[in-house]
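Quantities reported herein were computed from a predicted structural model and do not represent experimental measurements.
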Amino acid sequence: TTKNWTMYYFDGTNTQHLADTSIIYDNINLDINNNGEVVWVNGNLSDVNTFEIMHYNGAVKKQITTNAYYDTTPRINNNGETVYVGSHGIGYQVFLYDGSSSNPIITGGQNFTPDINDNGYVAWGRDYQLNIFDGSNIEEIPNPLNHKWSSNPTINNNQEVAWQIYENDQLIPPENPSDPPVFVEGDYDIFFYDGILKQINQDKLVDSNPDINDNGWITWEGFDKLTKKYTLSVYDGTDIQNVSSFFDITHPFNPYAFCPKINNRNEIVWAGYDGHDYEIYMASPVPEPATLSLLGLGLIGAGLRRKLLK
């Protein structure tokens, strides 16, 4: 059975078919900027060396990488600059495409999921730390004690970064010395950096896929391993609010289906499974009380619905 996704492009008036690909993994291999430029990965799942970065400016579609690398996770800013990860079997490198050519920002090591803002700052996860490139130098922010695997950073135009870090499994000493240690399974939590490292949350959920806007608001999804449900949360710089609880897992792709995004109006969109298929949802803030109200509660655009073709 061949599994493919169909990608569509909506310009505000018309919807057009842009590409068919087997490797659009939710939101990590697809991005669009405010000028309508889109980047994505195209290739054949049977050979990762065929993975190349594609670009569409609203009129012309072109391939911006031509190499034997495994190219993935592109992000494009509003100046048309694109960052992505490329690997040729020895580590994962971060590349910057300036509109005419690609050059590595860092080589060697394990580098993942870069993001770029409109000032050309690039953030990515590298093993046990977060890296930030300012156009000349790389700043390294080590993980807190007992944490590893910094990943999925998102950087806003104020150079503020939100990302997820995995907290290691722990053995907690018991209150009664005669009892065995208590095993606590590790999970991902959300962190924030603006020159000072701050942990946003600490719970029993697997918190992932954060997104940050220029107001410093952060949204992310949290997976409860006991109830098998997702929770969407938003942090407004002071408090964490729950936006919605989602349906039970009933579909093989459900664990990767939600991927929230937040704009500078503090509006949030995400994909949710309604028990039949995937739909696009939206939430917007209301002045009083300071909570989020769900809008639409259904499909915003048919072209945004992900379909599994067999």
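- Between Y9 and Y56, the ring center distance clears the sub-6.0 Å criterion.
- Residue N103 holds its CG atom at 11.5 Å from OH of Y97, rounded to the nearest 0.5 Å.
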Requested in this report: For T65 and F95, run side chain to side chain contact (heavy atoms under 4.5 Å, CB included): C-alpha distance rounded to whole Å, both residues' side-chain angles, the deciding distance at 0.1 Å, then the answer.
Outcome: CA-CA 10 Å; T65 59; F95 289 85; over 6 Å; no
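- For the pair R75 and P114, the minimum side-chain heavy-atom distance is 4.5 Å or more.
- Across all their heavy atoms, E160 and G216 have their closest contact at OE1-CA, 3.8 Å.
- Defined by atom type and a distance below 3.5 Å, a donor-acceptor pair is present between the side-chain atoms of D214 and N157.
- Connection of F191 to I132 is established within a shared hydrophobic cluster, with ILVMFWY side chains joined at heavy-atom distances below 4.5 Å, either directly or through further cluster members.
- Once rounded to the nearest 0.5 Å, the distance linking CE of M282 with NZ of K261 reads 15.5 Å.
- Grouping the Ile, Leu, Val, Met, Phe, Trp and Tyr side chains by contacts below 4.5 angstrom, directly or via other members, places I106 with I116.
- Partner P74 forms a side-chain contact (heavy atoms from CB on, under 4.5 Å) with one of D31, V41, L30 and no other, that one being V41.
- Considering only heavy atoms from C-beta on, N78 comes within 4.5 Å of N35 through its side chain.
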**Report entry** Stepwise side-chain hydrogen bond (donor to acceptor under 3.5 Å, both in side chains) check, D239 with Q241
**Finding:** CA-CA 6 Å; D239 300 313; Q241 302 173 40; 5.8 Å; no
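- Linking ILVMFWY residues whenever their side-chain heavy atoms come closer than 4.5 Å, directly or via other members, leaves I212 and W163 in distinct clusters.
- Shortest non-hydrogen contact noted between N117 and N156 is ND2-O, 2.8 Å.
- At least one side-chain heavy atom of Y70 sits under 4.5 Å from a side-chain heavy atom of Y92.
- In the hydrophobic cluster analysis, where Ile, Leu, Val, Met, Phe, Trp and Tyr join through side-chain heavy atoms closer than 4.5 angstrom, I262 is grouped apart from V161.
- Residues S150 and N143 have side chains that bring a donor and an acceptor to within less than 3.5 angstrom of each other.
- Between P153 and I155 the shortest side-chain heavy-atom distance does not fall below 4.5 Å.
- Interatomic distance, CG of D211 versus CH2 of W270, reported as 13.5 Å (0.5 Å rounding).
- For the atom pair W217 CH2 and T238 OG1, the distance stands at 9.5 Å (nearest 0.5 Å).
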**Report entry** Check against side chain to side chain contact (heavy atoms under 4.5 Å, CB included), N67 and E52
**Finding:** CA-CA 8 Å; N67 53 46; E52 303 289 356; 3.7 Å; yes
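- Between I76 and H55, some side-chain heavy-atom pair lies under the 4.5 Å cut-off.
- Using modelled atom types, one finds no donor on one side chain facing an acceptor on the other under 3.5 Å when comparing Q93 with T107.
- A pairwise comparison of heavy atoms in L197 and P144 identifies CD2-CG, 3.8 Å as the closest pair.
- Counting only N and O atoms by type, the side chains of D118 and N77 include no donor and acceptor under 3.5 Å apart.
- A donor-acceptor contact under 3.5 angstrom links the side chains of W124 and N111, judged on distance only.
- Under the 3.5 Å distance criterion, with hydrogens and angles disregarded, no donor-acceptor pair is assigned to the side chains of E139 and Y121.
- The side-chain hydrogen bond (donor to acceptor under 3.5 Å, both in side chains) with Q159 is formed by just one residue from the set N119, D194, D134; it is N119.
- For the 3.5 Å distance criterion, the side chains of N14 and Q16 fail to qualify, holding no donor opposite an acceptor.
- Going from atom CG of N57 over to atom NZ of K62 covers 7.5 Å, rounded to the nearest 0.5 Å.
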Report task. Determine, step by step, whether D187 and E167 satisfy the side chain to side chain contact (heavy atoms under 4.5 Å, CB included) criterion, reporting the C-alpha distance in whole Å, the side-chain angles of both residues, the deciding distance to 0.1 Å, and the verdict. Result -> CA-CA 5 Å; D187 61 15; E167 183 176 11; 4.1 Å; yes
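- Residues I141 and Q129 form no side-chain contact, since every pair of their non-hydrogen atoms from C-beta on lies 4.5 Å or further apart.
- I190 approaches S208 most closely through the heavy-atom pair CD1-N, 4.2 Å.
- The closest side-chain heavy-atom distance from I200 to W220 is below 4.5 Å.
- Scanning all heavy atoms of the two residues, the minimum distance from D115 to V83 falls at C-CG2, 4.0 Å.
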Report task. Could you walk me through whether N201 and D207 pass side-chain hydrogen bond (donor to acceptor under 3.5 Å, both in side chains), step by step? Result -> CA-CA 9 Å; N201 70 331; D207 300 297; 2.8 Å; yes
Requested in this report: Carefully, step by step, assess T72 and N29 under the rule side-chain hydrogen bond (donor to acceptor under 3.5 Å, both in side chains).
Outcome: CA-CA 6 Å; T72 187; N29 280 325; 2.8 Å; yes
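- Summarising the geometry of M54 relative to N42, their closest heavy-atom pair is CG-CB, 3.6 Å, with the distance given to 0.1 Å.
- There is a side-chain donor-acceptor pair under 3.5 Å between N266 and N215.
- Transitive grouping of hydrophobic side chains (ILVMFWY, heavy atoms separated by less than 4.5 Å) keeps I165 and Y188 in distinct clusters.
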Query raised in the report: Given the rule in the side-chain hydrogen bond (donor to acceptor under 3.5 Å, both in side chains) test, do Y128 and E140 qualify, once you have shown the distances and angles that lead to the verdict?
Result: CA-CA 10 Å; Y128 297 147; E140 299 177 348; over 6 Å; no
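- A donor-acceptor contact under 3.5 angstrom links the side chains of Y84 and S102, judged on distance only.
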**Report entry** side chain to side chain contact (heavy atoms under 4.5 Å, CB included) between Q110 and R126, worked out
**Finding:** CA-CA 6 Å; Q110 304 298 314; R126 178 179 171 86; over 6 Å; no
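- Defined by atom type and a distance below 3.5 Å, a donor-acceptor pair is missing between the side-chain atoms of T154 and N152.
- Between L232 and N242, the closest side-chain pair of non-hydrogen atoms is not below 4.5 Å.
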